[in-house]
Amino acid sequence: MSTRYLGARIPRNEDPRLLTGHGLFVDDVRLPGLAHAAVLRSPHAHARLRRVDVRRAREAPGVLAVYTAADLPASVNGPLPKLIPHPALAHHKTQYALAPEIVRYAGEAIAFVVAETRYAAEDALDLIEVDYEPRPAAAALEAAAAPGAPRVHDDMPSNVCARYTQRVGNVDAAFAAAPHRFAQRLVLDRGTASPIETRGVAAIWDERTGRFDIWDSTQAPIPIRNGLARIFGLLQESVRVVAPDVGGGFGPKVMMFYPEEILVPFAAMRLRRPVKWIEDRREHFVATNQEREQIHDAEIAVDEDGRILGVRTVFLYDAGAYNPYGLIVPIVASTTLPGPYRLPAYHCEFQAVFTNKTSVSPYRGAGRPHGVFVMERLLDRAARELGLDRAEIRRRNLIPPEAFPYDVGLIYQDQAPLRYDSGNYPACLDRALDMIGYKDWPARQRVLRAEGRYAGLGIALYVEGTGIGPYEGARVTVEPSGRVAVATGVGTQGQGHATSFAQLAAEPLGVAPRDVIVHTGDTSLFGWGTGTFASRAATVAGNAVALAAKAVREKAQLVAAGMLEAPAAEIELANGTAFVRGVPAKSVPLGDVALAANPLRFAMPAEWDGPGLEAIRYFAPPQGTFANGVHACIVEIDVETGELRFHRYAVVHDCGRVINPTILEGQIHGGVAQGVGGAFFEQLVYDEQAQPLSTTFMDYLLPTAADLPAIEVDHLETPSPLNALGVKGAGEAGVIPVPAVLAQAIDDALAPLGIRVAAMPLNPSRLYDLISDARRSA
Amino acid sequence: MKLDGTNSLPAPVDTVWKTINDPEALRRCTPGLKELKATGPDSYQATLSIGIAAVKGTYAGTLKITDKQPNKHYKIVLEGTGGAGFMKGEGTVDLEPQGDGTLLRWAGDIQVGGLIAGVGQRMLGGVGKMLIGQFFKCLEQQFGASSPAEGASPSRGQGGR
């Protein structure tokens, strides 16, 4: 009988290679005659360039070229593509590969040096003389939104680039009639994704064939290829972009384009030399997109029993200096806010605001942590004010399992109506409460308090929009060796696609997953697709792989039917063979079927519809799927130092059918780690002139393994009705509710001091300040 | 970043005034000053080499002295840029007699950007205080010969954000 691979804990196909140092990251690309690039970046957050003099740099030893905006042809140095437009986006601004006149954030690229070594290139940067005329900077979000603030873009009357409102129900009436209303200001500050591998690009131009080979640490190699072909006037097939092994993406690597992605190929073509640029860590802190900064003024209306009558939030979103990604992040924030709860009335309204800071684009969570933080904080407040149990107020407001599909009444980030496909929210909540020992908590907390210890429990719920369109595709091929090749357009940044996609192809073809070789992120192997983002690879590309494998299976049955002299419907595939059902002795290796499917002579049966055991299929979902989950944790705080220690961290997660629990748990673990970083350690600090002050890991604290809890994970499986596999995405689940759950746990731990967390991230020092303030005013 | 402080100098006001207007004395006492070239009255081109935390850099810029009220007050405006970023500063110096000596009050507002802001920012207050301390210590030594150590008090700067 055939082995089940779907849902199995299969070790990752990619690990032996990666763990023995055989990965290929962009910096591992070594080409004969390779030249190295470095970028001159503005030290000012806002300035006019009066003069850029590169003469001395050009004469420096080892320097091959120095480019400024004036040296680039218009085709290369126009405004970079505006990726995601939106009707509400009144001002859509993108930067240039090299700033022609004005720099709008500290770190914006001004000149590009190519030299024999990186050392020589960096030395030459020091020889470039730039005469800056500094301009006042828009730094803090709220001040930047105010009238009269220094303007980031001269042609705008203010820094507000969009105002957007969505409403459900009669919000004003709901609030007017409500017996209880609670308002709250809630703030999340800036952070950065900090992948272990920074960005990097290497390019070689072949003059004889007129072809580019480009290695790019990107999450979206195909759009990069398409864009470069356009910019350089080449056929798409003449540009090969490879996203090789990528050491973490998390969203910021899905920009099309960062300046270096154009400048490196441009220099390689001009100089007829391969060129490589690797971002250093300090550059990463200013030159790679950031996220998270939002200020919400939110209010909840509830009845006497804690049932939600209405919610509204009016918030500011910091777009940074440019907004290539449009309004995705604030739209995701405002549409994630309702979560698993019934909101009969909801008003969300935001202003997107330019500041003289690094641009913002989605980072793992992409607005979801903000929405969940606001909703969960409001429920915590309502529960406290009404004297209700915090789990109970949540249970009373949950969307019941029989209500699916459930229309939230909003338009989601994919411009489709926000409609939850499936889920069982009460079951998830109950399971999480069991896991964390919610019932016994009050008694345990009393014991700890009697010992003078400050421990608290938090629970937070969320719904995660995943698996949005437009489409992805895959090609599945059975080779004469019996091995199976899978190629898809989505790149891989550590998610284990070489295993989960292998499982999806292995199942219908009856081969072992280790015999399925998966290629992702090489445009020469598969040229259609959009990229890896929004927790969509498993759902969208995964279903394409499954559909293609199913088509190959049918073809294999057809070809094997002729070989085994049995009807195609009676051909089974298992253990790398095709055999007649019930007569396993009558079998032929799958590789032989592949060989037979590609005849050298004689007529080929018309019903084969072409040679080979190969198929390409696309999956284009009309809307996303909605995963959900509950996080619960117990923390203890040292009130003398502000340090926080986890006792327990439990995650109950439902992303439909699970393809590989090991990989899924890895996603959750990594997500929780990043969530804890964003809630309790990491903060990008800018001064009043928008100078970034935390551009090293000394100042920007990443959580280490020692800071993180052991994470207990349990899965519920409510299949999605929207795709044949029944899967939903899981890439961001670990991050989303962490600020919310930690805020509640901290409140609970410090309840004797009356502390209420309203701004994240905290860190030991900020928490210590809160504790000291509370003690002083006590 | 704002810094301020006071120093008691063992010399009369007019001597102090002369010294703090003397390019030679400024050159001698300003830490890291490599070059000070007069470009006009009270206006100089300066090359400064300083290290803040791990960031060592050379800054080329201008130094101007304005708002002069002899024996009482001046304002100093400094601008410099280099590979490690830029610095901009404005400071005031006020003198008043204090016994036989002079009480000098100084206040400054320094803004830095680029690498020194991103990497050296936490050190900036301490380094700024240290450099200013060095400056006044050197000034005191200029007066040292004419006025015995008895009246000299160690420089006291107080800074912070």
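Reminder, nothing fancy here: chain letters follow the sequence lines and each chain counts from 1.
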Would you list the pairs meeting salt bridge (Lys or Arg N to Asp or Glu O under 4.0 Å) in which at least one residue belongs to residues 74-91 of chain B, sequence neighbours left out?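 Passing the test, one end in residues 74-91 of chain B: B:Lys75-B:Glu90.
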For the residue pair A:Asp71 / A:Thr68, report whether a side-chain donor-acceptor contact shorter than 3.5 Å exists.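 Yes, side-chain donor-acceptor contact under 3.5 Å.
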Do the side-chain N and O atoms of A:Tyr686 and A:Glu293 include a donor-acceptor pair separated by under 3.5 angstrom?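 No, because no side-chain N or O of A:Tyr686 sits under 3.5 Å from a partner of the opposite role on A:Glu293.
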B:Asp94: partners by side chain to side chain donor-acceptor pair (under 3.5 Å), with sequence neighbours left out: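 Here the qualifying residues are B:His73.
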N/O donor-acceptor pairs under 3.5 Å from side chains in residues 31-45 of chain B, not counting sequence neighbours:
residue	atom	partner	partner atom	Å
B:Glu35	OE1	B:Thr47	OG1	3.4
B:Thr39	OG1	B:Ser43	O	3.1
B:Thr39	OG1	B:Ser43	OG	2.9
B:Asp42	OD1	B:Lys68	NZ	2.9
B:Asp42	OD2	B:Lys68	NZ	3.0

I need the minimum non-hydrogen distance between A:Arg199 and A:Thr288, along with the two atoms involved.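 Closest pair (atom of A:Arg199, atom of A:Thr288, distance): NE-OG1, 2.8 Å.
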Chain B contact residues among residues 41-62 of chain A, heavy-atom distance under 4.5 Å: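 Contacts with chain B: A:Pro43, A:His44.
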